[in-house]
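Just below is one structure, and these are the notes that go with it.
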Amino acid sequence: MKSRFAPSPTGYLHIGGARTALFAWLWAKKEQGQFILRIEDTDRERSTQASVDAILDGMKWLGLDHDEGPYYQTDRFDRYKTVVQQLLEEDKAYYCECSQERLQVLRDELMEKGEKAKYDGHCQHKNLTAGVVRFRNPSEGNVIFSDLVKGEISVHNKELDDLIIARSDGTPTYNLTVVVDDHDMDVNCVIRGDDHINNTPRQINLYEALGWGLPDFAHLPMILGGDGARLSKRHGAVSVMAYRDAGFLPEALLNYLVRLGWSHGDQEVFSIDEMIDLFDLKDVNKAPGSFNQDKLIWLNQEYIKSADIDHLVDQLDWHLNDQSIDISNGPDITNVIDALRERSKTLVEMAQSMKMFYQDFDQFDEKSAKKQFKPAAEPIIKALIDHYSKLEDWSSAAIHDVVKTVCDEQSVGFGKVGQPFRLALSGTGNAGSIDIVAELVGKDRTLARLQMALDYIAQIDN
RNA sequence: GUCGCCUUCGUCUAUCGGUUAGGACCCCAGGUUUUCAUCCUGGUAAGAGGAGUUCGAUUCUCCUAGGCGAUGCCA
């Protein structure tokens with residue numbers, strides 16, 4: 001068994017493409033077959049190297065590795081020419097020199113008459129020797145195939161016209177190259193978006209004209225935006241790498257994508273191995289799905305909570321760099337991650353929260369400071385500084401004991417001490433349990449920040 | 001216009017003719033908690049419409065509507 005992902009390099013790897021790639025990849029793994037990557041760059045006007053790189057980067061980040069390729073169609077023009085020539089010689093194709101204008105007029109007329117807009121075979125028997133090359137599509141009968149996800153699909157040959165397989169400059173077009181490649185590369189399971197369903201009967205006719213055996217076809221439903229329209233930029237990020245940048249873990253994205261159009265009972269969270277084990281094309285839904293960022297965020301948080309610490313360190317690296325956070329001068333990053341993982345929805349958030357452990361700040365969040373740093377807090381903070389400066393065992397347990405001692409001495413509840421302390425430590429008030437945070441922030445920084453809080457209160461008094 | 005595909009809570013989905021139509025996200029309420037978060041409990045919410053087949057349809061068939069796709073010398 002061999003499947004493939006065959007994007008055209010006219011932009012970044014987007015969410016829909018990634019889902020198609022994932023399903024094709026999963027099915028190959030599941031069937032212990034191969035997965036190949038092919039770049040369909042026959043449209044030289046729109047294809048760019050930057051897009052090729054972006055697609056490769058996206059696939060790599062997602063971990064969707066290929067067994068063969070990447071193949072480039074532009075490397076195979078000689079082969080396509082040979083096939084076109086063969087079709088010409090066998091009279092299964094012919095040259096056509098109808099102008100674009102004539103074709104446009106023809107389409108308009110047919111549409112106006114309520115008919116299917118298709119080529120009328122004007123050059124069919126002219127025996128021309130130049131122009132575009134058209135494939136002689138059968139005019140009778142039906143093309144019927146059994147799609148692995150959609151079931152039986154039937155189209156009348158009457159609906160199909162003689163499609164162009166080579167442009168007037170001699171370059172081949174999609175419907176020809178895809179057939180030649182899938183055949184030559186032994187792809188026997190074509191998994192792609194269902195926007196290709198309409199092309200499939202044409203391609204089947206081409207396979208038959210060439211005397212080649214048919215692959216299985218599996219057409220995946222599209223991914224739509226929240227409003228039911230085709231997913232596009234206005235629905236938020238559509239580029240896979242934009243999700244990396246926004247702080248998502250690749251396995252969270254993959255998990256989200258695999259559940260869009262496929263399910264296994266009530267299970268929501270799947271490891272890669274489980275996906276491979278449980279995935280089955282026959283369980284793929286026919287209906288299109290809408291992309292829902294809230295659920296992706298939930299999954300991302302689930303993965304952040306449970307991920308292997310080394311993996312998080314790896315994934316965080318890009319974000320630390322992006323936010324210019326230097327972790328060499330501060331606590332062990334694994335301890336910080338553990339303190340933060342239950343309160344971070346994304347890696348971007350986590351990196352932001354990490355700043356308080358590695359960077360000093362010169363002011364407190366104004367709103368919180370007004371609330372917490374009132375004159376009444378002064379003796380409490382003074383007491384904390386007093387105790388902590390003498391504390392030798394800088395452990396969360398000892399730090400916690402001091403807070404309790406201060407509560408007793410000042411005859412106040414935990415909150416009266418904990419809240420200003422937390423704000424002093426974090427600058428924003430958002431932090432986990434104060435004893436652990438204080439331990440990680442370190443004795444010197446803790447004392448300096450408490451002193452800063454004291455200075456703030458003094459400045460309010462004046 | 002024509003052809004093809006699709007249609008269960010707002011969203012992702014379960015259901016292989018008989019269920020109080022289940023789960024998850026979101027949202028709401030309550031509980032745990034030194035803030036936030038985590039965690040726990042509970043709640044709101046669905047079979048597009050119409051025929052037919054059947055003792056019985058979300059499930060099978062047909063029609064309608066709606067959505068998406070194709071109708072390119074794009075892929």
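Here the structure is a predicted model, which means the values were calculated and not measured. Numbered from 1 within each chain, the chains take letters A, B, ... in sequence-line order.
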Pairwise P distance, rC55(B) and rG50(B) [rounded to whole Å]: 23 Å
Qualifying residues under side-chain hydrogen bond (donor to acceptor under 3.5 Å, both in side chains), relative to Asp401(A), sequence neighbours excluded: none
Gap in Å between the two C1' atoms, one belonging to rA65(B) and one to rA48(B), rounded: 8 Å
For rC12(B), does either OP1 or OP2 sit under 4.0 Å from a side-chain N or O belonging to Ser290(A)? yes
Heavy atoms only, 4.0 Å cut-off, all strands: where does His219(A) land among base, sugar-phosphate and nothing? nothing
Per atom distances to the Glu159(A) side chain, the nearest of rA37(B), rC73(B), rU2(B) is rU2(B)
Measuring only the C1' atom in each nucleotide, how far is rU15(B) from rC60(B)? A whole number of Å is fine. 15 Å
Could you check which of rU34(B), rC74(B), rU13(B) has an atom nearest any side-chain atom of Ser263(A)? rU13(B)
Give the residues of residues 107-124 of chain A touching RNA chain B, defined as any heavy atom closer than 4.0 Å, sorted by residue number. Arg107(A), Met111(A), Gly114(A), Glu115(A), Lys116(A), Ala117(A)
Keeping to residues at least two apart or across chains, list the salt bridge (charged side-chain N to carboxylate O under 4.0 Å, His left out) pairs with something in residues 43-59 of chain A. Asp43(A)-Arg46(A)
Picking from rU34(B), rU13(B), rA75(B), which would you name as closest to the side chain of Leu260(A)? rU13(B)
Verdict with reasoning, Tyr207(A) to Phe145(A), per ring-ring contact (aromatic ring centres under 6.0 Å, His included): CA-CA 13 Å; Tyr207(A) 271 98; Phe145(A) 66 101; over 10 Å; no
How does protein contact run along nucleotides 24-33 of chain B, one letter per nucleotide 5' to 3', with B for base contact, S for sugar-phosphate only, - for none, heavy atoms under 4.0 Å? BSS-------
Would you indicate which nucleotide in rA14(B), rC5(B), rC73(B) comes nearest to any side-chain atom of Ile197(A)? rC5(B)
Restricting to nitrogen or oxygen on both sides, can you table the protein-nucleotides 39-49 of chain B pairs closer than 3.5 Å?
| from | atom 1 | to | atom 2 | distance (Å) |
| --- | --- | --- | --- | --- |
| rC39(B) | OP1 | Lys305(A) | NZ | 2.5 |

If I pick the C1' atom on rG67(B) and the same atom on rG18(B), what distance separates them, to the nearest angstrom? 32 Å
Which whole number of Å gives the distance between the C1' atom of rC63(B) and that of rG69(B)? 22 Å
side-chain hydrogen bond (donor to acceptor under 3.5 Å, both in side chains) with Asp435(A): which residues, sequence neighbours excluded? His400(A), Ser433(A)
Does a donor on one side chain and an acceptor on the other come within less than 3.5 Å for Asn199(A) and Tyr174(A)? no
Quick note, Asp194(A) side chain, CB onward, closest among rU34(B), rA75(B), rC5(B) is rC5(B)
Pairs touching residues 284-295 of chain A that satisfy salt bridge (charged side-chain N to carboxylate O under 4.0 Å, His left out), sequence neighbours left out: Glu268(A)-Lys295(A)
Per the atom types in the model, does the base of rC73(B) pair as donor or acceptor with the side chain of Ser168(A) at under 3.5 Å? yes
Looking at Asn199(A) and rA75(B), is any side-chain donor or acceptor paired with a base atom of the opposite kind under 3.5 Å? yes
Would you find more than 12 non-hydrogen atoms of other residues, nucleotides or ligands less than 6.0 Å from Asp308(A) atom CG? yes
Hey, which of these two, Gly151(A) or Glu97(A), hits RNA chain B nearer its 5' end, going by closest nucleotide? Gly151(A)
For the rings on Tyr388(A) and Trp394(A), is their centre-to-centre separation under 6.0 Å? yes
Here the distance between atom P of rG4(B) and atom CD of Glu152(A), to the nearest Å, is 13 Å
For Met185(A), which residues count as a side chain to side chain contact (heavy atoms under 4.5 Å, CB included) partner, sequence neighbours excluded? Ile36(A), Arg38(A), Tyr71(A), Arg76(A), Asp181(A), Val187(A)
Output a table of donor-acceptor pairs, distance under 3.5 Å, between side-chain atoms of residues 14-21 of chain A and any protein atom two or more places apart or on a different chain; print 'none' if there are none.
| from | atom 1 | to | atom 2 | distance (Å) |
| --- | --- | --- | --- | --- |
| His14(A) | ND1 | Gly16(A) | N | 3.2 |
| His14(A) | ND1 | Gly17(A) | N | 3.4 |
| Arg19(A) | NH1 | Leu260(A) | O | 2.5 |
| Arg19(A) | NH2 | Pro221(A) | O | 2.3 |
| Thr20(A) | OG1 | Gly16(A) | O | 3.1 |

Check whether more than 12 heavy atoms from other residues, nucleotides or ligands sit under 6.0 Å from atom NZ of Lys355(A), and answer yes or no. yes
Using side chain to side chain contact (heavy atoms under 4.5 Å, CB included) as the criterion, list what pairs up with Asp161(A), not counting sequence neighbours. Lys118(A), Tyr119(A), Arg202(A)
Nearest-Å distance once atom C1' is located in both rU61(B) and rC25(B): 35 Å
Phe217(A) has an atom CZ; how far is it from atom P of rC5(B), in whole Å? 15 Å
With the threshold set at under 4.0 Å for non-hydrogen atoms, list the residues of residues 379-387 of chain A touching RNA chain B in residue-number order. none
Base, sugar-phosphate, or nothing: which does Gln100(A) touch, judged by heavy atoms less than 4.0 Å apart? base
Give a yes or no on whether the ring-centroid distance for Trp25(A) and Phe5(A) is below 6.0 angstrom. no
Length of the line joining Arg4(A):CZ and rA75(B):C1', which is rounded to integer Å: 11 Å
Specify the separation, in whole Å, of atom CZ of Arg167(A) and atom P of rC73(B). 9 Å
Would the base of rU38(B) count as contacting Arg341(A) through its side chain, where contact means a donor and an acceptor less than 3.5 Å apart? no
Residues 365-373 of chain A side chain polar contacts: donor-acceptor under 3.5 Å, at least two apart:
| from | atom 1 | to | atom 2 | distance (Å) |
| --- | --- | --- | --- | --- |
| Asp365(A) | OD2 | Ser368(A) | N | 3.1 |
| Asp365(A) | OD2 | Ser368(A) | OG | 2.6 |
| Glu366(A) | OE2 | Tyr456(A) | OH | 3.2 |
| Gln372(A) | NE2 | Gln419(A) | OE1 | 3.1 |

What is the separation between atom CG on Asn175(A) and atom P on rA70(B), rounded to the nearest whole Å? 13 Å
Considering only atom C1', compute the distance from rG66(B) to rG49(B) and round it to an integer number of Å. 10 Å
base_contact_polar (rG69(B) base, Asn198(A) side chain, donor-acceptor, <3.5 Å): yes
Kindly point out which of rU38(B), rU35(B), rG69(B) is positioned nearest to the side chain of Asp195(A)? rG69(B)
Strictly by modelled atom types, are His311(A) and Glu251(A) linked by a side-chain donor-acceptor pair under 3.5 Å? yes
Compare side-chain N and O positions of Ser433(A) against OP1 and OP2 of rU34(B) and report whether any pair is under 4.0 Å apart. no
Sugar-phosphate, base or nothing in reach of Ala6(A), heavy atoms under 4.0 Å: nothing
Between rG4(B) and rU8(B), how far apart are the C1' atoms? Round to whole Å, please. 24 Å
Which is true for Gly413(A) with a 4.0 Å heavy-atom rule: it touches a base, it touches only sugar-phosphate, or it touches nothing? nothing
